[in-house]
Amino acid sequence: IIYFSRQNDIATSLLSAKPVIFIGDISYSVYLWHKPLFVFYRIKIGSIDNKTSLMLTVFTVIFAVISFYLIEKPFRKTQLALWKWIVMLVSVLILVIFAGVVIIKNGFADSTGERLSPVAKKMYQEFKVPEFRRLDGNTKGRNYLSGDAVPSCGNRDPLDACRFGDQSWVVIGDSYAGSFEYALQTELAKQGKGIISLAYEQCSFVSDNLWFGTAPECPEINRRRWEVIKAFTDKKTFLIAANYAQFKDTKLVEGASVQGITSEKIAPNQLVWESLADNINKLLSMGHRVVLVYPIPSVRTDVKRDYFRLLDISNGNVGKVYDKSTKGYNAAISLSEELDNYIKPNPNLIIIRPVDSLCDGHNCMIINKNGGLYNQGNHLSNAGAKLVIEQFPLGHQR
């Protein structure tokens, strides 16, 4: 623009206007100020809407103008007065001393060497990994894709699944089912019971010609799941859960299904729901008990981020926080109604509706006194899983 501009051109006249020149003068100060203002607002207070963004922009310009005239402009001069040299040297010295103190004090830790409150420390530990990847086995087992022996129960070959206690419960489904494994196993262990982990990310418990997302191995995973199930010699309780929202994007394998399929043909929506219902009915006909978890309300915020922000400003005294939108609740109800069309009543079928635990009317909790209820998108955290598990029939096993 500068190279091709000519005197009396519109662009030249516009860029030569004093207001535009002034914006150019303060632009570097604007650049320096806007980042901390926006970032610390988001950390300390919350998400930024259009109104807040405008307010922060105004403050950015105000601070930029002040720093331009009081700092930037005076220090641009070639010959600096003695007092300016002193200010610069003292400023550098203060920063160096402050950085040294922070290092020596371990980030201003308390007398026990901790920088976090007990509640915050516990929550950071629980949110370190997504809940569906939290459970580790007593021994290592084969990861299905890599073939490596790993402690994690998630994404194992079903033939080498994690097994705990009396193995009276079986968790089967995708990562939404996996989010219950750690909390469920912890509760069952108190009664001398335990689970078999057949959860596998993205692989809902459907027929072996359907797959989801980026996991074309799902058909083989479900075949191997059935190998494990058919080998049972006793009756078990199956916990089944899924990301029902992904059913509309299920891929269909035509002909023989093999590992490594790349088919992108979308399966008819009805076929996916019927397939899940057929598998549930098959388990029931074999004499097993089924605990079916209905849709979990989705959220439209980063619950982990919001929870730690509240922890920081409330000294650990965090109460109930509800999702500002009712869209998650409405979506869960809509999917539940769809599921109702295919699931038939049965004495050995127990239906768990997460909205009963998580929602008050049309408003659903995302945080309570026990922590953030979601971890990584719409997956439940440990606190969220525990809340829903309170509905499970843990006290009786046939």
Side-chain angles (χ1 to χ4, degrees), residues 1-3 5 12 14-125 127-128 301-318 321 367 372:
I1 291 174
I2 294 173
Y3 183 80
S5 64
T12 303
L14 178 62
L15 294 174
S16 299
K18 288 185 177 181
V20 178
I21 292 174
F22 177 72
I23 292 173
D25 285 340
I26 67 169
S27 62
Y28 187 65
S29 293
V30 169
Y31 162 73
L32 292 177
W33 277 108
H34 92 280
K35 191 70 173 179
L37 282 173
F38 277 76
V39 167
F40 282 106
Y41 183 94
R42 189 176 286 113
I43 292 173
K44 292 293 185 180
I45 300 178
S47 59
I48 298 174
D49 55 21
N50 291 336
K51 183 179 179 180
T52 304
S53 181
L54 179 60
M55 177 192 72
L56 292 173
T57 301
V58 171
F59 277 112
T60 297
V61 172
I62 291 173
F63 289 141
V65 171
I66 293 172
S67 62
F68 174 72
Y69 283 108
L70 296 184
I71 301 173
E72 185 177 344
K73 200 170 182 180
F75 281 87
R76 277 181 176 176
K77 295 178 181 179
T78 306
Q79 296 297 326
L80 294 181
L82 179 61
W83 72 269
K84 293 177 182 177
W85 280 107
I86 293 174
V87 169
M88 286 194 295
L89 291 173
V90 170
S91 298
V92 171
L93 184 62
I94 290 173
L95 289 173
V96 171
I97 292 174
F98 177 76
V101 171
V102 170
I103 294 171
I104 293 171
K105 293 289 187 180
N106 188 28
F108 298 109
D110 60 23
S111 58
T112 64
E114 294 293 341
R115 289 180 292 154
L116 302 173
S117 68
V119 173
K121 186 178 179 182
K122 179 176 180 288
M123 288 300 107
Y124 273 109
Q125 190 65 32
F127 280 92
K128 185 178 289 186
T301 183
D302 185 338
V303 175
K304 177 181 176 181
R305 181 199 67 201
D306 290 351
Y307 179 64
F308 285 118
R309 175 180 58 80
L310 287 174
L311 266 184
D312 187 41
I313 63 179
S314 67
N315 292 322
N317 297 316
V318 179
V321 177
I367 295 169

Partner set under side chain to side chain donor-acceptor pair (under 3.5 Å) for Thr52, not counting sequence neighbours:
Asp49

CD1 of Ile26 to CZ of Phe63, rounded to nearest 0.5 Å, is 13.5 Å

Going by the rule ring pair (Phe, Tyr, Trp, His ring centres under 6.0 Å), which residues pair with Phe308 if we only count those two or more places apart in sequence or in a different chain?
Tyr124, Phe127

Going by the rule side chain to side chain donor-acceptor pair (under 3.5 Å), which residues pair with Thr301 if we only count those two or more places apart in sequence or in a different chain?
Asp306

Under 3.5 Å, side chain of Ser27 to main-chain N/O of Gly24, donor-acceptor pair present?
yes

Roughly how far apart are Thr60 OG1 and Leu37 CG, rounded to 0.5 Å?
4.5 Å

Is Phe40 close to Lys35 at the side-chain level, that is, under 4.5 Å between some pair of heavy atoms?
no

Name all residues meeting the side-chain contact (heavy atoms from CB on, under 4.5 Å) criterion together with Ile97; count only those two or more places apart in sequence or in a different chain, and write none if there are none.
Leu93, Val101

Just to verify, what does Leu32 make a side-chain contact (heavy atoms from CB on, under 4.5 Å) with, not counting sequence neighbours?
Tyr28

Fit a plane to each ring of Phe22 and Phe68, take the angle between them on a 0 to 90° scale, and name the class: parallel (under 30°), tilted (30 to 60°) or perpendicular (over 60°).
perpendicular

Which heavy atom of Leu15 sits nearest a heavy atom of Ile21, and at what distance?
O-CG1, 3.7 Å

Ser67: side-chain contact (heavy atoms from CB on, under 4.5 Å) partners, not counting sequence neighbours:
Ser29, Trp33, Ile71

For Glu72 and Asp25, which heavy atoms make the closest approach, and how far apart are they?
OE2-O, 4.2 Å

Please enumerate all residues that pass side-chain contact (heavy atoms from CB on, under 4.5 Å) together with Val92, with sequence neighbours excluded.
Val96

Verify side chain to side chain contact (heavy atoms under 4.5 Å, CB included) between Thr57 and Phe38, making sure each step is shown before the conclusion.
CA-CA 9 Å; Thr57 301; Phe38 277 76; 3.9 Å; yes

Kindly give the heavy-atom pair with the smallest separation between Val20 and Leu14, and that separation in Å.
CG2-O, 3.4 Å

